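The next block holds one structure in the form of structure tokens; read it before the comments.
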2 protein chains.
Amino acid sequence: MIASLSTHPASHSAFSSHATPLTRVGSHEHIFHEGAPAEAMFMIVNGVVVIYRTGIDGCRIIQDLRFKGEYVGVGYEENYSFSAIAVRPTVVRRIARAAVERAIDESPVTARRLLEALTLEQSRLSDRLMVIGSRTAIGRVAACFLDISSRSSGGAETFMVPISRSEMADYLGLTIETVSRAITRLRTLGIIALPRSDTVTIRDRAALQALAQDDGDGAARGRFCA
Amino acid sequence: MIASLSTHPASHSAFSSHATPLTRVGSHEHIFHEGAPAEAMFMIVNGVVVIYRTGIDGCRIIQDLRFKGEYVGVGYEENYSFSAIAVRPTVVRRIARAAVERAIDESPVTARRLLEALTLEQSRLSDRLMVIGSRTAIGRVAACFLDISSRSSGGAETFMVPISRSEMADYLGLTIETVSRAITRLRTLGIIALPRSDTVTIRDRAALQALAQDDGDGAARGRFCA
DNA sequence: CGTTAGCTTGACAGAAGTCAATTACGGTGG
DNA sequence: CCACCGTAATTGACTTCTGTCAAGCTAACG
């Protein structure tokens with residue numbers, strides 16, 4: 001299962017290791033650009049990558065964050081439909097498109113793994129659609145912190161936020177100011193603490209989850225809900 | 001290419017026709033439910049299908065609409081991660097999971113088609129993320145009408161809207177009232193006309209596109225944009 | 001002809017964007 | 001080591017948008 005691929009970096013066994021060179025990517029250096037020929041997919045050995053698209057008007061929306069052990073660019077298309085950029089010093093394993101094609105021809109196992117990986121990505125996108133479509137600012141920020149905590153540090157209570165406020169805004173469909181205010185509110189409510197502006201400590205995980213899922217009071221916008 | 005699959009219903013050649021029975025689905029009858037074993041995928045021969053998820057709190061978000069010639073349930077997972085419901089009398093061709101598995105084993109062509117189909121779906125989801133994350137109500141409604149026009153009637157200026165206001169609301173992350181007001185505004189601006197409440201005529205496609213893409217003025221929320 | 005469900009409209013309140021000013025922080029150079 | 005600068009983050013005042021509640025309208029159907 002490729003689901004395990006995303007959590008167990010070691011299991012990229014389908015590709016011979018010497019054919020998948022490691023590449024070092026500096027902070028805020030692109031791995032690939034939207035529209036460029038999709039010549040490879042990548043596995044993150046270390047670091048954090050942001051996947052984003054740019055609208056006609058220059059809008060930017062961050063589709064997803066990717067952490068150690070996760071894949072980037074798994075799609076099956078001529079050209080990348082999004083850009084990928086490292087947001088801190090990152091090492092990726094490059095898996096050439098040609099190698100993927102070969103592996104698909106050789107064995108249906110690879111194809112199934114890729115299908116599973118894509119399905120997983122789709123389900124993550126769909127989660128984000130729910131968060132952005134139905135939660136208020138504070139709920140979106142709560143969901144974001146929970147996500148980062150579980151994906152980047154295995155659910156640790158204190159973790160580093162690898163993206164700036166501006167990137168959080170693009171990720172959550174909010175403005176910088178609204179993100180900042182939501183964070184302040186979480187802090188004054190005692191739900192989180194901020195040892196540094198890029199480090200969060202969860203003090204009340206239940207409350208954070210309630211906000212992210214709208215069990216509680218003010219985290220959802222009434223639309224959608226029964 | 002499965003991209004062509006979605007526009008040319010005939011090219012489901014990978015599956016023998018007698019193994020893919022036609023099924024009639026009544027309006028507001030489910031094709032499958034979220035969480036149920038994913039035993040088949042479906043191709044829409046005729047009609048319209050809505051794909052949606054239900055949140056813990058009973059929230060509903062409509063992930064996508066699917067029209068004639070498009071696929072439903074292409075994912076690769078044990079259980080469906082969303083529900084599919086016909087929103088008008090619909091005929092689907094059922095392709096059993098077992099048949100898909102067999103086809104994958106027999107030929108990498110099927111796997112590639114599925115990968116392309118999933119990638120296409122992902123790209124559509126990503127479009128919706130941009131619309132919901134960065135457009136105001138009127139922009140979302142504009143984008144929705146353009147989408148329905150092109151997908152359900154090949155870009156015709158007059159077309160039927162197959163979903164209720166309430167479903168539009170769930171689709172766009174808005175309330176019924178806001179959807180209604182946005183439609184009224186589009187009408188009073190002379191951009192669309194409504195011969196009936198479920199039928200739209202585009203009178204100024206350029207303006208509609210401007211609103212949907214935010215070339216213009218008020219369609220985008222400032223967030224995201226440079 | 002009345003009933004009902006869906007749609008529209010209005011008045012209001014709350015949430016989030018905008019503009020602007022201030023503060024905190026990190027890096028540079030003296 | 002410290003002062004200075006520029007960027008990022010926060011905070012405040014205000015406006016706009018959208019959700020909420022409530023009432024009225026329309027149209028299909030019995």
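Lettering of chains follows the sequences in order, A, B, ..., and the numbering in each one begins at 1. The model shown is predicted, which means the values in this text are computed figures rather than measured ones.
Residues forming a side-chain contact (heavy atoms from CB on, under 4.5 Å) with B:P89 (at least two apart in sequence, or on another chain): B:S27. Residues that satisfy the side-chain contact (heavy atoms from CB on, under 4.5 Å) test with B:N79, not counting sequence neighbours, are B:P37. For B:E121, the side chain to side chain donor-acceptor pair (under 3.5 Å) partners two or more places apart in sequence, or in a different chain, are A:Q122, B:R66. For A:E77, the side-chain contact (heavy atoms from CB on, under 4.5 Å) partners two or more places apart in sequence, or in a different chain, are A:S81, B:T119. For A:E34, the side-chain contact (heavy atoms from CB on, under 4.5 Å) test picks out A:R53, A:T54, A:S83, with sequence neighbours left out.
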>> So if I define the base as every atom that isn't primed, P, OP1 or OP2, how would nucleotides 21-30 of chain D read as a B/S/- string at a heavy-atom cutoff under 4.0 Å?
In response: B---------
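Atom CG in B:L211 sits roughly 13 Å away from atom P in D:dC17 (whole-Å rounding). The CG-P distance, from A:D198 to D:dT10, rounds to 11 Å in whole Å. Atom CG in A:D170 sits about 12 Å away from atom P in D:dA9, given to the nearest Å. Per the geometry, CD1 belonging to A:I183 stands 10 Å off P belonging to D:dT11, to the nearest Å. We find that CG of A:L174 is positioned 17 Å from P of D:dC17, with the value rounded to whole Å. In this structure, B:R185 atom CZ and D:dT16 atom C1' are separated by 11 Å, rounded to whole Å. The distance between atom CZ of A:R165 and atom C1' of C:dT23, rounded to the nearest whole Å, is 14 Å. A straight line from CD1 of A:I176 to P of C:dA20 spans 16 Å, rounded to a whole angstrom.
With C:dA16, D:dT18, D:dT10 as the choices, the nucleotide that has an atom nearest any side-chain atom of A:T136 turns out to be C:dA16. Comparing C:dT9, D:dT11, D:dA9 by their closest approach to the side chain of A:R187 singles out D:dT11.
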>> Test salt bridge (charged side-chain N to carboxylate O under 4.0 Å, His left out) on B:R128 and B:D64; report intermediate values, then the result.
In response: CA-CA 9 Å; B:R128 289 185 35 59; B:D64 204 0; 5.1 Å; no
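Between B:S180 and the phosphate of C:dC7, there is no side-chain N or O to OP1/OP2 separation shorter than 4.0 Å. When the side-chain nitrogen and oxygen atoms of A:T175 are compared with OP1 and OP2 of C:dG17, one or more of them lie within a distance under 4.0 Å. In this model, the phosphate group of D:dC17 is not approached by any side-chain N or O of B:T178 to a distance below 4.0 Å at OP1 or OP2.
Sorted by first and then second residue, the side-chain hydrogen bond (donor to acceptor under 3.5 Å, both in side chains) pairs with a member in residues 190-205 of chain B read B:S149-B:R205, B:E157-B:R205, B:T158-B:T201, B:R196-B:D198; sequence neighbours excluded.
End-to-end axis angle for the helix from C:dC1-D:dG30 to C:dG30-D:dC1, using five pairs per end and rounding to 10°, comes out at 30°.
The aromatic rings of A:F82 and A:F32 sit tilted, their planes meeting at an angle between 30° and 60°.
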Show me the donor-acceptor pairs within less than 3.5 Å that the side chains of residues 180-193 of chain A make with the rest of the protein, sequence neighbours left out.
unit_1 : atom_1 : unit_2 : atom_2 : d
A:T184 : OG1    : A:S180 : O      : 3.0
A:T188 : OG1    : A:T184 : O      : 3.2
A:T188 : OG1    : A:R185 : O      : 3.0

